[in-house]
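In what follows, a structure is listed as structure tokens, so that the remarks can point back to it.
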Amino acid sequence: MPDLASLLPLIAVLLLVGAFAGLIAGLLGVGGGIVLVPAYYYLFSGMGYESPALMRVCLATSLATIIVTSTRSVLSHNKKGAVEWTILRQWAPGIAVGAIIGVAVVAQLRTPTLQIIFGALAFTIALYMAFGRLEWRLGSKMPGPRLRVVLSPLIGFFSVLMGIGGGSFGVPLMTLHGVPIHRAVATAAGFGITIALPSAVVFLAVPVDAAPPFTIGAVNLPAFLIVISMTLITAPLGASLAHRLNPKLLKRVFAAFLAVVAINMLAKALIG
């Protein structure tokens with residue numbers, strides 16, 4: 001158990017990380033998990049808790065925070081009538097199934113493998129954020145039942161493997177099929193609840209050796225509580241700023257940041 005002198009700097013850093021994650025989630029609609037997972041990893045490994053199972057803690061704790069932030073986001077967007085409830089109802093069951101399968105897979109994988117998966121998917125998302133265009137289309141409406149039964153579990157599965165909500169995969173899917181961006185962001189927040197709630201509950205029963213203090217299953221409670229206290233404050237601020245700043249420039253800057261994080265994760269896994 002760390003002493004108070006070593007815990008205070010950790011708490012301060014987690015407050016900053018939570019503030020930044022909330023701001024990015026509000027600004028770009030990508031969800032804070034894509035920031036939280038690498039932040040948790042570098043913090044916990046820097047404290048000496050690096051282990052073959054550390055990435056499980058990072059993914060599980062990130063998903064636990066998404067339950068709260070996505071719920072608040074959905075309620076906020078629903079007040080403005082932006083949530084496409086028909087899409088959410090149709091896609092939620094498959095997404096939840098994929099999320100639970102994702103937890104089962106994560107429980108069997110070691111940290112380097114999960115780092116490679118996170119790095120590769122994060123780099124792909126960074127490329128889409130940097131070069132993707134809103135006018136790109138794969139269709140004029142969302143995929144029907146046959147394609148949905150394949151795509152919905154994949155959204156849940158890959159989101160859990162990255163410890164993120166539904167925004168990074170759900171928003172591109174919806175905008176590529178003609179859903180307006182603000183409605184896609186609002187509905188993807190509902191994807192986040194569908195992904196995070198069942199997976200976080202299952203992660204509470206996944207044992208982790210050499211975990212940071214106060215970790216239940218794979219969820220670290222102090223990190224969860226501290227980060228949530230900040231994201232709930234800064235996410236609405238980010239949403240407000242989004243209407244006053246250049247979204248294209250913001251996305252490209254964040255894409256560059258995400259690419260650096262992804263490359264660093266890959267290097268850490270492959271080189272050590």
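- Residue L147 is grouped with residue V97 when hydrophobic side chains (ILVMFWY) are merged at heavy-atom distances under 4.5 angstrom, including chains of intermediate members.
- Distance alone, capped at 3.5 Å, places no donor-acceptor pair between the T231 side chain and the G22 backbone.
- Here the CE-CD1 distance, from M55 to I117, works out to 8.5 Å after rounding to the nearest 0.5 Å.
- Within the model, atoms OG of S168 and CD1 of I125 stand 4.0 Å from one another, a figure rounded to the nearest 0.5 Å.
- Checked by atom type and distance alone, the side chain of S199 pairs as donor or acceptor with a backbone atom of A196 at under 3.5 Å.
- Shown here are the side-chain contact (heavy atoms from CB on, under 4.5 Å) partners of A223, two or more places apart in sequence or in another chain: L14, Y40, F44, T61, N220.
- Judged by distance alone, with hydrogens and angles left aside, the side-chain atoms of T71 form a donor-acceptor pair with the main-chain N or O of I67 at under 3.5 Å.
- I100 and V106 fall into different hydrophobic clusters, where Ile, Leu, Val, Met, Phe, Trp and Tyr residues are linked whenever their side-chain heavy atoms come under 4.5 Å apart, directly or through other members.
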Mind running side-chain contact (heavy atoms from CB on, under 4.5 Å) on I34 and F254 for me, showing each step along the way?
CA-CA 11 Å; I34 211 157; F254 184 71; 3.7 Å; yes
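- Residues I116 and L266 come closest through the heavy atom pair O-CD2, 3.5 Å.
- Under a 3.5 Å cut-off, the side chain of S62 and the backbone N or O of C58 do not form any donor-acceptor pair.
- The cluster map of Ile, Leu, Val, Met, Phe, Trp and Tyr, joined by side-chain heavy atoms under 4.5 Å apart, puts I228 and L23 in different clusters.
- A donor-acceptor pair is defined here as one N or O able to donate and one able to accept, closer than 3.5 Å; no such pair exists between the side chain of S70 and the backbone of G192.
- The two residues V74 and V83 have their closest heavy-atom pair at O-CG2, 4.0 Å.
- Closest approach of R56 and P207 over heavy atoms only: NH1-O, 3.7 Å.
- With sequence neighbours excluded, the residues satisfying ring-ring contact (aromatic ring centres under 6.0 Å, His included) with F20 are F257.
- Side-chain atoms of S159 come within 3.5 Å of backbone N or O of I155 as a donor-acceptor pair.
- The environment of CZ in R148 is crowded: more than 12 heavy-atom neighbours from other residues, nucleotides or ligands sit within 6.0 Å.
- Under the side chain to side chain donor-acceptor pair (under 3.5 Å) criterion, Q90 pairs with no residue, sequence neighbours left out.
- The minimum heavy-atom distance between V57 and V208, with the atom names listed, is CG2-CG1, 3.7 Å.
- R137 and T175 get closest at one heavy-atom pair: NH1-O, 2.9 Å.
- Hydrophobic cluster membership for L127: F123, F131, I263 (Ile, Leu, Val, Met, Phe, Trp, Tyr linked by side-chain heavy atoms under 4.5 Å, directly or transitively).
- The closest donor-acceptor contact from the side chain of T187 to the backbone of E84 lies under 3.5 Å.
- For Y128, the side chain to side chain donor-acceptor pair (under 3.5 Å) test picks out no residue, with sequence neighbours left out.
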_Would L43 and L10 count as a side-chain contact (heavy atoms from CB on, under 4.5 Å) here? Give the steps._
CA-CA 8 Å; L43 282 171; L10 175 65; 4.0 Å; yes
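- For A188 against V171, the heavy-atom pair with the smallest separation is CB-CG2, 3.7 Å.
- The backbone N or O of A211 sits nowhere less than 3.5 Å from a side-chain atom of T215 that would complete a donor-acceptor pair.
- Side-chain atoms of P38 and M265, non-hydrogen and from C-beta on, do get closer than 4.5 Å to each other.
- The hydrophobic cluster containing L249 also includes V253, under a criterion of side-chain heavy atoms closer than 4.5 Å among ILVMFWY residues, counted directly or through chains of members.
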